[in-house]
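A short worksheet on the structure shown next.
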Amino acid sequence: MNRYNPKEIEPKWQGIWDETGAYTADLRSDRPKYIAMSMFNYPSGAGIHIGHAMNYTISDVKARFKRQQGYESYHPIGWDAFGLPAENFAIKSGVSPQESMATIIPSYHKQYKAMGWSNDWEKEISTHLPEYYKWTQWIFWKMHEQGLAYQDSRMQWWCELDNSVLANEQVIDGKCWRHDGADDPLVEKREVKQWFFRITDYADELLDSIDALDWTESVKLAQKNWIGKSKGAEVDFALEGSEQKIAVFTTRPDTLYGATFMVLAPEHELVSSITTDEQRQEIEEYARVAQQKSELERQTSKEKTGVFTGAYALNPVNGAQVPIWIADYVLEGYGTGAIMAVPAHDERDNEFAHKYNLPIKQVVADYVIGDGNDAPRKDVPTRNSETADAIITDGKGKYLLQIEGDEIHFAGGGVDETDASPEDAVAREAREETGYDKVLSVKQAAPYSAYYGYRAIKKRNNRCWGAYYEVVVDPSSKVPSEVEDGMHEVAWFDKSEVASRITWEDHLRAWNHYIGGDIEMDVHEGLLVNSGEFDGQETSEVRENIVAMLAEQGKATEKVNYKMRDWSVSRQRYWGAPIPIINCEKCGAVRVPESDLPIILPELDDFQPSGDGRSALARATDWLKTTCPECGGEAERETDTLDTYICSSWYMYRYFDPRNTQAIFDSELVKKWEPIDFYNGADHATAHLLYARFIGHFFKGLGLVNEPEPFKQFLFNGKVTAADGTMFSKSKGNGVDPLEIIDQGYGADALRTYLMFAAPLDTWARWDPQGVPGTYRFLSRIWTLVHQYLAAEEKPVAEAAQKEILRATHQMIRKVSEDIEENHYNTAIAAAMTDVNELYKLKVDNLAKSDVWQEALSSLVACVAPFAPHIADELWLKLGHHNSVQRDSWPDWKQEYLTQDTMTIAVQVNGKLRGTIEVEVGSDESVVLAAAKADTKVATHLDGVNIVKSIYVPNKLVNFVVK
RNA sequence: GGGCGAGUGGCGGAAUUGGUAUACGCGGCGGACUUAAAAUCCGCUGGCUGAAUAAGCCUUGUGGGUUCAAGUCCCACCUCGCCCACCA
């Protein structure tokens, strides 16, 4: 018998698959359709790595599984060929990207085929070919036609040595990627004209349809966060001494009374007009520096900085004068680029206020945990009441506490209508409750807090809030109190004793604030205080009311904001699809006639950007000069190219009709195949997925597709790391080359099987050098088993053995079928391994040429075929099948073979396993219980005790509860 | 700072609705075959006490709780990972 030798059989089958077009999908087939794909690859000179091997095997297994099940299964192939790395290489080497791609892509063909991936090469696409990018341009064309593409300016990184725009990834440590020496200057930002797609028009649509997607949850969440919808209000603050207003966006209008200053983004349009002459120089300097701050600085240094403009605004709710500052923690691009700062309840504002000594005003009281904190009742009325608590001291380190039985606390009481202020109230309470008549001073000592109480006697909900005040009294002034004397026992304590004496939790908290000095706020929701007519109401209740109130005065409107920006789609780069626009001095930016598409990217010798901020295309004079389609006058082509994200946001549709020259694709065909059934990748790829969804929704609007969501299922799979858990990297030299593993003699099948077996698909797998040898051994065992069977004598197999063989086989079929369907590849492989182990035991006495072994081995081979397609085809053929295992070979499992005559029942005594018993399937509970009691091991534990209760879980377990 | 997720043998990892924890693989140990090795095949392999392949106890990050029964459910804590990050 020949040994399992992948080096022989794998190239052989790869050749056969190629010749027979085994994986060519018939897109017009009557069969049920299935399309599984991984995110397509960016072809770089480095070739495939272990991460690619992982990604593409995942979708390949799915595609093969469905193909074997009788689906018309399509596993497409394409290349994301445009992009910066190829252009950078071209700039350095002078080799054109077109040329590099012409050699790189074919080298990938070999590697993909060596991995045994079942790609349909007939329908291969690449984004850099005119036949493809004609339609990328068409998408821009269509967007423009629909009013969804527009031009605007945006700040861009600029290298003064290159005289060129830089992409974010070309900025390294604040310097240009080509000029990162010690003497080289930092990059700057310059205003550059950009094209945008109005993806924000689709924000709600894209957000609303996320929930229904069968995607990895974290990816769905990332989509939601990216869109970043938040509901709030736009509120106008009048500029003091002027007719002008400044609008702010806030999600917390309920905290308006706490707005003690205002902050504008340094780029805000009103900054220069409101700045006073004294402040002007400082403001301008700050704005200039902020603009040039690199991303790196912004991320590493979160320390708040800012400058006062000298101007004041008026808080619309109470007319309070608030200073206006500028600071770079407020972003120009979000909301109105201006905020009202509520330092008491917003951490960023708080930090800023502390740094610049701005007032902090508490307007939300936190609920304290205490005796009064009952649940509100709906059946009785609610009353709001303000209270004031007194931390009474002689001013010399002694504190007066009230003693009521076991409870010790500060004095305090309600703020009555007769009290002019809480301070008056607390002074009055101090006198009344303690008898010390001479109050020397009163000042707030701790933040406001709130509690909720139900008063049974008055049948009333009480919503209470109040602050704590330090009340200094003259200790020699005690007189008989007229009002409450005798009701309260009081005693002086030393400062060091107070904390250990107080029994009320909220009072202890106030004490800690008092002695800690600083009143820090980390409260976000609760009861409003210091908020005029809204005092005592819940923040969540007030949020809408306060906006409604201001709206009546024309000072506020409800407003929804999104973090998502419009999509900047133009790049000042050579290696991309040219934007199909002609710039005419007279007519402006004009679309090229649709019939002129594609605008071919001219081949150049020099790929260096032109030096005026435009791409190298600006030097391609013959190409550049043209006539205006509208007026016929002299004009120039747009030299910007399209963001490669556009290329990759629609490629899945092109897979269905890759050679169409008349239309982007045949809609009828796409409507038959949409959506993509299975999509996977090892990156969140939030932007890619969002843009693809956007294009899907856009196509739906154009009637090109029926289903706006392109991807039905998306699996965010894990990556492969080195054995020590660190990332593979070229610099560390710890990379694992998949082709090398294959060439070592283990073969693609063993590699594929290991990758799918090592861990669940959504978990990061560690590379184990012993792993592939392990799966090689497994495949080897199948190889041996089949060959031993083929060499065996023809004779009948004992009935009991037949039963066992069939049971093992059908159990395996069931598990593998279900697990692949649910993306649990690792346990599917484990089930096949278990089957092999069982068949090895059974073969010792029972191996024979027979129907039962034929069925067992054919099923086994078919079930491992998605993971190990080469060995499967080889063995399938040897088992006498005439078709390929790759199509229509998936076995069905039959329930009748899974049932057994006896079942194992676990027997517990008081929840502890004491033995197992074998009983006939379908035995009555009484029979099972009797058998359980009869078991010798169990019996010893039942000896001398009473069985209080017997629990029988059918077909599984018995538990005797004894005493 | 915010969000999400995870802690199970020496390692990667299994465990429907709560129902025999540690499937499967790796590694390790022992044996068979062999002049020998590799390969292959067979067996053992969570920890502790024990001479034991007797018996018992313990064990899913830690501590509580619910339950006849908890890796799984609830509460608190600890640790790790990932993503987003000044979005008002």
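We name chains A, B, ... by the order of the sequence lines, and we start the count at 1 in each one. This structure is a prediction, so every number in the text was calculated from the model and none was measured.
Among the heavy atoms of the strands lying under 4.0 Å from A:Gly774 are primed sugar atoms or P, OP1, OP2 only; no base atom is included. Using a 4.0 Å heavy-atom distance criterion, A:Ser230 is classed as a sugar-phosphate-only contact. Nucleic acid contact for A:Thr763: sugar-phosphate only, since backbone atoms but no base atoms lie under 4.0 Å from a heavy atom of the residue. A:Lys220 comes within 4.0 angstrom of nothing in the nucleic acid, heavy atoms only.
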Between the protein and nucleotides 15-19 of chain B, are there any N/O to N/O pairs under 3.5 Å, and if so, what are the atom names and distances?
| from | atom 1 | to | atom 2 | distance (Å) |
| --- | --- | --- | --- | --- |
| B:U17 | O4 | A:Lys956 | NZ | 2.5 |

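Counting non-hydrogen atoms of other residues, nucleotides and ligands closer than 6.0 Å to NZ of A:Lys933 gives a total above 12.
Candidate nucleotides B:C42, B:G56, B:A14 were compared by shortest atom distance to the side chain of A:Pro760, and B:A14 ranks first. Between B:C4, B:C86, B:G25, one nucleotide has an atom nearer to the side chain of A:Asp328 than all others, and that is B:C86. When the nucleotides B:C68, B:G3, B:A88 are ranked by their closest atom to the side chain of A:Thr251, B:A88 comes out on top. In this structure, the nucleotide among B:G1, B:A21, B:C4 sitting nearest to the side chain of A:Leu221 is B:C4. Of the listed nucleotides (B:A88, B:G25, B:C26), B:A88 has the atom at the smallest distance from the side chain of A:Phe249. Closest approach to the A:Phe757 side chain among B:A88, B:G12, B:G43 is made by B:G12 (side chain taken as heavy atoms from C-beta onward). Picking from B:G56, B:A88, B:C41 the nucleotide with the shortest atom distance to the side chain of A:Asp346 gives B:A88. The side chain of A:Gln770 lies closest to B:C26 when the candidates are B:A88, B:C57, B:C26.
Distance, A:Glu558 CD to B:A88 P: 16 Å, rounded to whole Å. Atom CG in A:Asn350 sits roughly 19 Å away from atom P in B:C86 (whole-Å rounding). The distance from atom CE of A:Met54 to atom C1' of B:G12 is 12 Å, rounded to the nearest whole Å. Rounded to a whole Å, the CD atom of A:Gln811 is 12 Å from the P atom of B:C24. We find that CD of A:Glu351 is positioned 14 Å from P of B:G2, with the value rounded to whole Å. Rounded to an integer number of Å, the gap from A:Lys304 NZ to B:A88 P is 14 Å. Note: OH (A:Tyr754) to P (B:G13) measures 9 Å, nearest angstrom. To the nearest angstrom, C1' of B:G1 lies 14 Å from CG of A:Asn225.
The gap from the P atom of B:A88 to that of B:A70 amounts to 45 Å, rounded to the nearest Å. With both ends at atom P, the span from B:U16 to B:G10 equals 24 Å, rounded to whole Å. To the nearest whole angstrom, the two C1' atoms, one in B:A51 and one in B:U40, are 35 Å apart. The separation of B:G7 from B:G13, taken at their P atoms, amounts to 10 Å, rounded to a whole angstrom. Taking atom C1' on both B:C75 and B:A21, the two are 24 Å apart, rounded to the nearest angstrom. Of the C1' atoms belonging to B:C77 and B:G25, the separation is 35 Å, rounded to the nearest Å. Remark: the separation of the C1' atoms in B:G56 and B:A39 is 43 Å, to the nearest Å. A gap of 36 Å separates the P atoms of B:G28 and B:U79, to the nearest Å.
Under 4.0 angstrom from either OP1 or OP2 of B:C58 there lies at least one side-chain N or O belonging to A:Lys912. Residue A:His787 places none of its side-chain N or O atoms closer than 4.0 Å to OP1 or OP2 of B:U40. When the side-chain nitrogen and oxygen atoms of A:Arg781 are compared with OP1 and OP2 of B:G25, none of them lie within a distance under 4.0 Å. Between A:Asn826 and the phosphate of B:A14, there is a side-chain N or O to OP1/OP2 separation shorter than 4.0 Å. Taking only side-chain nitrogens and oxygens, A:Tyr840 never comes nearer than 4.0 Å to OP1 or OP2 of B:C42. Close to B:C26, at under 4.0 Å from its OP1 or OP2, lies a side-chain N or O of A:Arg777. Note on A:Thr686: every side-chain N or O is 4.0 Å or more away from OP1 and OP2 of B:C83.
Ion pairing between a basic and an acidic side chain is recognised when a charged N comes within 4.0 Å of a carboxylate O; A:Glu217 and A:Lys220 show such pairing. Under a 4.0 Å N-O distance rule, the pair A:Asp204/A:Lys229 qualifies as a salt bridge. Ion pairing between a basic and an acidic side chain is recognised when a charged N comes within 4.0 Å of a carboxylate O; A:Asp211 and A:Lys224 show such pairing.
Pairing analysis of RNA chain B (Watson-Crick: purine N1 to pyrimidine N3 plus N6-O4 or O6-N4; G-U wobble: N1-O2 and O6-N3; both under 3.5 Å) yields stems of 3 or more pairs at B:1-7 with B:78-84, B:10-12 with B:24-26, B:27-32 with B:40-45, B:46-49 with B:55-58, B:61-65 with B:73-77.
The nearest heavy atom of RNA chain B to A:Tyr334 and to A:Tyr776 marks one nucleotide each, and the one closer to the 5' end goes with A:Tyr776. When the nearest nucleotides of RNA chain B are assigned to A:Asn561 and A:Thr940 by heavy-atom distance, the more 5′-ward of the two goes with A:Thr940.
Nearest heavy-atom pair across A:Thr250 and A:Val235 is CG2-CG2, 4.2 Å. Annotation for A:Arg814 and A:Leu898: closest pair NH1-CD1, 3.6 Å, computed over non-hydrogen atoms.
Using a 30° and 60° split on the angle between ring planes, A:Phe352 and A:Tyr329 fall in the tilted class, from 30° to 60°. Taking the six-membered ring where the residue is Trp, A:Trp325 and A:Phe308 present tilted rings, their angle falling between 30° and 60°. Below 30°, between 30° and 60°, or above 60°: for A:Trp567 and A:Tyr691 the angle between ring planes is below 30°, a parallel geometry.
A:Val836 is not listed as a side-chain neighbour of A:Met812, based on a closest heavy-atom distance of 4.5 Å or more. Under the 4.5 Å side-chain criterion, counting only non-hydrogen atoms from C-beta, A:Val907 is not in contact with A:Thr916. By the 4.5 Å heavy-atom criterion applied to side chains, A:Phe960 and A:Arg914 are not counted as neighbours.
Nucleotide B:G43 is shown with an anti base, its glycosidic torsion being more than 90° from 0. An anti orientation is assigned to B:G25, its glycosidic angle lying beyond 90° of 0.
Between A:Trp783 and A:Tyr776, a ring centre-to-centre spacing not shorter than 6.0 Å is recorded.
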